[in-house]
Structure formats: structure tokens, C-alpha cells
Amino acid sequence: SDLQPDQVERLTLITPEGTLLAERSAGGWLIVEPAQARGDDAALEDLVRLMDGLQAEPPIVGADPSRYGLDDPAATLILHTREGLEHRLEAGIDSPMGVKGYVRFNGGDVQVSATQPRGTLARPFEVYIDRRVVSVASTADSVLSWESAEEAEGSWTLSKRGDHWFLPDGRRAKDGAVSGLLAMVASMRFEGLDAAPQPAEGAPRASLIWQDELGERRIVFLGESPLGMKALAPDGRTGSISDFEAMA
């Protein structure tokens, strides 16, 4: 294959679910269609690698594409490069002989691939959405605060000096408790994402605020929703999370 993965700037994935269009930016992949969202970098890079690494037997010259499910492909992946080139992979039915599949490259003749790409290409579009609440991990947290509207949950602020965290009165915080909280933030995922940012109604339930190399960032917990707690992410996305109580 003459595909250069690092030159791919856009991809189009067409399946029975519809059309997914994603663009590679300096900060990672962005989904443009069917709705704008931050893309899951690993999942989208897997699509690029799939086409780049796919091995196939020589073309079956003159084969009828309809016999192999390629008149109406189960999935079509198109990679667009910075030079304006397109690389198209169409996946048909799986081969009954071994773990192989029928494919077509750039509109050519039918080929037998060494793997079955149909299953990967036909996955639901939601696997390509980045559901991390904090999509850029902090490496230099210096201040950490919890502001709560609930008396029982309290509010507090910690400052980092050296390798340890301290309360304003000089008492040292439990390193394990702080690292556990930060790990929870890093692993937090949206159960459901709103199509557009949702304005807050009334006072928020709580806010987690921290200072790092990107400046001040915060997660605002807005209130209960059918899927859990509605949260506003640092990048402006809103959605529901399920692990608020553990954090609080």
C-alpha cells in the first residue's frame, strides 16, 4: 500500500448507520458528522492502521462484486490525505474459508483479505466518540479545590508543595486520597453526551477546580439527570456521569 498514515487528515466511514466524517487536528481527532464531538483518538487511529496494514491476495479478475457483498458494501472507509489523495476500502461479506473477508481497494477487483475487516468497520459510531470528561490529562497540578452547595459534603482547598498536598492551615493531606481523586477525574466518562452545551439552571451542586499547566480548569456538577449527574466539562461539553457520589 502507498498509504502514508501520518499524511491522513480526514476520514469518511459509511455503514448502514450512516456517514461518519472525522478530521485530524493538532489536538487530536474531531468528529464533524453526524454530530460535532471530540473523537476517540485510539479508535479512529485504529481505522487508519486497519487500512494501512490490511493484507490481501491478488485480485480475482472479472469477479462479480455482488457475489461477495461488494455491490452494497457492509462498510466503506475512505482516507483523505494532505496531498488530496483518497484511499478507499470497501468491505463485503466474510469468507467461509478461514478468518478472511472479501474487500475491494479503490474500486478495483474483488480481493480476499487476510482478516475480516467488516466487523471492525461496521461498529456503532458511538465507539469513535471521546467520552472522557477531562480529555487532556494534567501533569502539573498545583491547586485543587472542591466547592459544594451541600453542607454535608463541605468545601476545601489544597495546595501542592513538592510532592505533597497541604490544607490552608498547614496540615498535610493524605497523598493516597488526593491521588485517588485525581485518578477518578482522569477516568471519568460521560454516560450520555448532550448534542449542544446545556445552560445551568440554578446553583450547581458542586465544582471541582484545579490549577495546572493549562491554567484554571473545572468540572461543574449541575444537578441530577435521568442518567446520573449532569456535568459541565472544562472544554464546555455537558453530559451525564454516574460516579458523582463516589467523588463527593
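Both backbone and side-chain heavy atoms feed into the values below; hydrogens, waters and symmetry mates do not. Heads up: numbering here begins at 1 and tracks the sequence.
- A donor-acceptor pair shorter than 3.5 Å can be found between the side chains of Asp175 and His164.
- Counting only distance, with no hydrogens or angles, the side chain of Ser113 and the backbone of Lys100 share no donor-acceptor pair below 3.5 Å.
- Residues Gly176 and Ser179 come closest through the heavy atom pair O-OG, 3.1 Å.
- Between the side chains of Trp29 and Glu45, at least one donor N or O lies within less than 3.5 Å of an accepting N or O.
- Leu208 has its side chain out of reach of Arg218: every pair of non-hydrogen atoms, C-beta onward, lies at least 4.5 Å apart.
- For the atom pair CD (Glu224) and CZ (Arg205), the distance works out to 6.0 Å, reported to the nearest 0.5 Å.
- The shortest distance between side-chain heavy atoms of Ile219 and Val185 falls below 4.5 Å.
- Closest of all the heavy-atom pairs between Arg10 and Val8 is O-CG1, 3.5 Å.
- A donor-acceptor pair under 3.5 Å is absent between the side-chain atoms of Asp41 and the main chain of Gly28, judged by distance alone.
- Residues Met247 and Leu181 meet the side-chain proximity criterion, which asks for heavy atoms closer than 4.5 Å.
- At a threshold of 4.5 Å between non-hydrogen side-chain atoms, the residues Leu158 and Trp156 count as touching.
- Contact check for Leu79 versus Leu89: no side-chain heavy atoms found under the 4.5 Å cut-off.
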For this session: Check step by step if side-chain contact (heavy atoms from CB on, under 4.5 Å) holds for His80 and His87.
Result: CA-CA 7 Å; His80 312 262; His87 299 267; over 6 Å; no
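- Residues Leu30 and Tyr128 fall into different hydrophobic clusters, defined by Ile, Leu, Val, Met, Phe, Trp and Tyr side chains chained together at heavy-atom separations under 4.5 Å.
- Using a 4.5 Å heavy-atom threshold, the side chains of Leu144 and Leu182 count as touching.
- Neither Val112 nor Met51 shares a network with the other; the hydrophobic side chains, linked directly or stepwise wherever heavy atoms of I, L, V, M, F, W or Y lie under 4.5 Å apart, form separate groups for each.
- Nearest heavy atoms, Pro117 versus Ala91: CG-CB, 4.5 Å.
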Problem set entry | Test log, rule salt bridge (charged side-chain N to carboxylate O under 4.0 Å, His left out), inputs Asp46 and Arg49 | CA-CA 5 Å; Asp46 280 347; Arg49 285 193 291 268; 2.6 Å; yes
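- Panel note: side chain Arg189, backbone Val133; no donor-acceptor pair is recorded below 3.5 Å.
- A single hydrophobic cluster is not seen to contain both Val110 and Leu121; linkage of ILVMFWY side chains at heavy-atom distances under 4.5 Å, directly or through other members, places them apart.
- A donor and an acceptor atom, one from each side chain of Ser142 and Gln211, are nowhere located under 3.5 Å apart.
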For this session: Start with the C-alpha gap between Arg118 and Asp94, add the side-chain angles, then the distance that decides, and say whether salt bridge (charged side-chain N to carboxylate O under 4.0 Å, His left out) holds.
Result: CA-CA 7 Å; Arg118 178 188 63 83; Asp94 294 335; 2.8 Å; yes
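- In this structure, the separation between CG on Asp71 and CG on Asp64 is 7.5 Å, given to the nearest 0.5 Å.
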Exercise. Does the side-chain contact (heavy atoms from CB on, under 4.5 Å) test come out yes or no for Arg38 and Asp235, once each step is laid out?
Worked result: CA-CA 10 Å; Arg38 188 179 300 280; Asp235 62 6; 3.1 Å; yes
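- Here OG of Ser145 is found 11.5 Å from CH2 of Trp210. Values are rounded to the nearest 0.5 Å.
- Between the Asn106 side chain and the Gly108 main chain, no donor and acceptor come within less than 3.5 Å of each other.
- Both Leu11 and Leu50 are members of a single hydrophobic cluster when ILVMFWY side chains are connected at heavy-atom separations under 4.5 Å.
- Shown here for Ala122 and Thr15, the closest heavy-atom pair between the two residues is CA-CG2, 4.3 Å.
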For this session: Take Asp40 and Ile129 through the test side-chain contact (heavy atoms from CB on, under 4.5 Å) and record every step on the way to the result.
Result: CA-CA 5 Å; Asp40 185 302; Ile129 297 174; over 6 Å; no
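- For the 3.5 Å distance criterion, the side chains of Ser225 and Ser240 qualify, holding a donor opposite an acceptor.
- The structure places CZ of Arg24 at 9.0 Å from CD of Gln7, a figure rounded to the nearest 0.5 Å.
- The closest donor-acceptor contact from the side chain of Gln111 to the backbone of Val103 lies at 3.5 Å or more, if one exists at all.
- Nearest heavy atoms, Ala35 versus Ile31: O-CG2, 3.3 Å.
- Remark: side-chain polar atoms of Arg82 are paired, donor with acceptor, to backbone N or O of Asp6 under 3.5 angstrom.
- Within a 6.0 Å radius of CG in Asp169, other residues, nucleotides and ligands contribute more than 12 heavy atoms.
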For this session: Kindly indicate, with the supporting measurements, whether the criterion side-chain contact (heavy atoms from CB on, under 4.5 Å) is fulfilled by Val143 and Lys160.
Result: CA-CA 6 Å; Val143 178; Lys160 193 172 187 180; over 6 Å; no
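- Thr81 and Glu83 are linked by a side-chain donor-acceptor pair at a separation below 3.5 angstrom, with hydrogens and angles left out of the test.
- For the pair Leu20 and Thr12, the minimum side-chain heavy-atom distance is 4.5 Å or more.
- Remark: the backbone N or O of Ile14 is not paired with any side-chain donor or acceptor of Thr76 at under 3.5 angstrom.
- In this structure, CG on Leu13 lies 6.0 Å from CG on Leu47, to the nearest 0.5 angstrom.
- Residue Ala43 comes nearest to Arg123 through the heavy atom pair O-NH2, 4.4 Å, listed as atom of the first residue, atom of the second, then distance.
- Taken to the nearest 0.5 Å, the CD atom of Glu33 stands 9.5 Å off from the CD atom of Glu23.
- Between the side chain of Ser207 and the backbone N or O of Ile209, no donor-acceptor pair lies under 3.5 Å.
- Figure legend: cation-pi geometry between Arg161 and Phe166, with NZ or CZ positioned under 6.0 Å from the six-membered ring centre and within 45° of its axis.
- When hydrophobic clusters are built by joining Ile, Leu, Val, Met, Phe, Trp and Tyr residues whose side-chain heavy atoms come closer than 4.5 Å, directly or via intermediates, Phe221 is grouped together with Val134.
- The closest side-chain heavy-atom distance from Asp109 to Arg104 is not below 4.5 Å.
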